[in-house]
Amino acid sequence: MAELITIEDPNDPRLADYVGLTDVELRRRREPLEGLFIAEGEKVIRRARAAGYRMRSMLLSAKWIDVMRDVIDEVPAPVYAVAPELAEQVTGYHVHRGALASMQRKPPRQAEDLLAGARRIAVLEGIVDHANLGAVYRSAAALGMDAVLLSPDCADPLYRRAVKVSMGTVFSVPYAVLDPWPRALETLRDAGFSLLALTPHPDAVPLPEVQPKLLERCAVLLGSEGNGLSTEALRAADAWARIPMHHDVDSLNIAAAAAVSFYALAQRQA
């Protein structure tokens, strides 16, 4: 059973994991280095626990103590009960969902470990916006992608904002970093995957017309919101595909494009 501790001092060192959550550069440097990440909200905390992440501590406002009582009774980590005003002072923002948990990261996965038995993989290049990354993960989970592979310059999937936007689905789809990029894409080809680059380029084939053989085991490559896929990634692909557009729209937000492509891939492989 967790120990329930009331804290009234925002400078209490036991709250160190929760300090300055709005300082993006601080969190990017600190969370991976120290092996922690922050889960926000009841649903996300429960999903993190269900996925096997170990809880370091929880930070709860009073009204959430009863809601999270079963978790408090099950985990050995300390639970810090604080006033909403103190939580805001410590974290730097209003904790709308009233519940935060500091979780321990797992050892990083290797790309090769995720390929056996997989048929649909999302490969993300240069997506540095945490909200976009979280939204792509949510679609990947909902639409049956087997894994997500990231270029080394992608945002951290376990950063608080990415976890929150994904609604905790970053815990549902296994991921790994492909390094060196883009040479490591050959790992997928060696495992029998076709590399399908999603791009609005006019030379790309409309997504519904991609050859069925390319979709038997397919890794769909998606680039950043502004620049799209790099020249190197496009050259590495076996084929280019585009989402047909109307009304002179040239492209979609990366989260929307990912959802469309994941759904289309699932339908073509069914």
Side-chain angles (χ1 to χ4, degrees), residues 20-40 44 91-93 103 105-106 108-111 114 121-143 145 147-185 187-188 195-201 219-237 240 242-243 250-262:
L21 293 184
T22 58
D23 187 336
V24 175
E25 288 304 320
L26 171 65
R27 306 313 295 190
R28 281 177 178 167
R29 292 193 304 269
R30 184 182 171 208
E31 290 182 1
L33 183 65
E34 296 184 16
L36 67 93
F37 69 92
I38 300 297
E40 180 178 358
V44 173
T91 63
Y93 76 104
M103 312 294 294
R105 290 172 181 255
K106 298 178 182 180
R109 303 284 296 273
Q110 298 299 311
L114 307 183
I121 290 179
V123 182
L124 311 181
E125 181 188 34
I127 299 182
V128 297
D129 183 274
H130 292 95
N132 281 337
L133 185 66
V136 171
Y137 260 92
R138 190 170 181 179
S139 293
L143 298 170
M145 301 302 286
V148 174
L149 299 179
L150 309 166
S151 67
D153 57 345
C154 277
D156 177 12
L158 295 184
Y159 178 72
R160 179 184 63 87
R161 178 69 172 161
V163 173
K164 181 179 178 181
V165 172
S166 80
M167 292 299 293
T169 56
V170 292
F171 311 133
S172 304
V173 183
Y175 71 90
V177 175
L178 274 177
D179 195 19
W181 181 269
R183 195 166 71 245
L185 287 169
T187 303
L188 281 76
L195 304 181
L196 182 65
L198 194 70
T199 171
H201 195 285
V220 57
L221 279 60
L222 300 113
S224 65
E225 180 77 24
N227 299 324
L229 289 167
S230 66
T231 300
E232 293 77 11
L234 289 170
R235 286 174 178 168
W240 297 1
R242 58 182 171 85
I243 298 171
D250 60 354
S251 64
L252 296 174
N253 168 275
I254 181 59
V260 171
S261 63
F262 297 163

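The chain is numbered in sequence order, starting from 1. Since the model is a prediction, treat every value here as computed from it, not as a measurement.
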Please give me the minimum heavy-atom distance between Ser139 and Ala255, naming the atom from each residue. OG-O, 4.3 Å
Taking side-chain contact (heavy atoms from CB on, under 4.5 Å) as the definition, give me every residue that meets it alongside Ala236, ordered by chain and number, with sequence neighbours left out. Leu185
Of all heavy-atom pairs linking Phe37 and Glu31, the shortest is CA-OE1, 4.1 Å
What do you reckon, is CZ of Arg242 surrounded by more than 12 foreign heavy atoms closer than 6.0 Å? yes
Pro200 versus Asp250: any side-chain heavy-atom pair under 4.5 Å? no
Is there side-chain contact between Asp156 and Pro32, with heavy atoms separated by less than 4.5 Å? yes
Leu178 versus Ala111, closest heavy-atom pair with distance: CD2-CB, 3.7 Å
Can you tell if the side chain of Leu158 reaches within under 4.5 Å of the side chain of Tyr175, non-hydrogen atoms only? yes
Hey, mind stepping through Leu234 and Leu221 against side-chain contact (heavy atoms from CB on, under 4.5 Å) and telling me if it holds? CA-CA 9 Å; Leu234 289 170; Leu221 279 60; over 6 Å; no
Quick test of your reading: applying salt bridge (charged side-chain N to carboxylate O under 4.0 Å, His left out), list the pairs with at least one residue in residues 221-237, sequence neighbours left out, ordered by first then second residue. none
Non-hydrogen atoms of Val220 and Met145 that approach each other most closely: CG1-CE, 4.0 Å
Of the non-hydrogen atoms in Gly228 and Glu125, which two are nearest, and what is the gap between them? O-OE1, 4.4 Å
Apply ring pair (Phe, Tyr, Trp, His ring centres under 6.0 Å) to Trp240 and list each qualifying residue two or more places apart in sequence or on a separate chain. His201
Does Ser166 have any side-chain contact (heavy atoms from CB on, under 4.5 Å) partners at least two apart in sequence or in another chain, and if so, which? Tyr137, Thr169, Val170
CZ of Arg160 to CD of Glu40: how many Å apart, nearest 0.5 Å? 5.0 Å
Rounded to the nearest 0.5 Å, what's the gap from CG on Asp153 to CH2 on Trp181? Could you check? 8.5 Å
One should read off an interatomic distance between Thr187 OG1 and Leu114 CG, to the nearest 0.5 angstrom, of 11.5 Å
First locate atom CG of Asp129, then atom CZ of Arg161, and finally report the distance between them rounded to the nearest 0.5 Å. 8.0 Å
Would Ile243 and Leu198 count as a side-chain contact (heavy atoms from CB on, under 4.5 Å) if you check the C-alpha gap in whole Å, the side-chain angles of each, and the deciding distance to 0.1 Å? CA-CA 8 Å; Ile243 298 171; Leu198 194 70; 4.2 Å; yes
For Gly223 and Ile254, the nearest pair of non-hydrogen atoms, with its separation, is O-CD1, 3.2 Å
By side-chain contact (heavy atoms from CB on, under 4.5 Å) - contacts of Arg183 (at least two apart): Pro180
For the CG atom of Leu36 and the CZ atom of Arg105, what is their distance to the nearest 0.5 Å? 7.0 Å
Residues which pass side-chain contact (heavy atoms from CB on, under 4.5 Å) with Ala258, listed by chain and number, not counting sequence neighbours: Val136, Leu222, Phe262
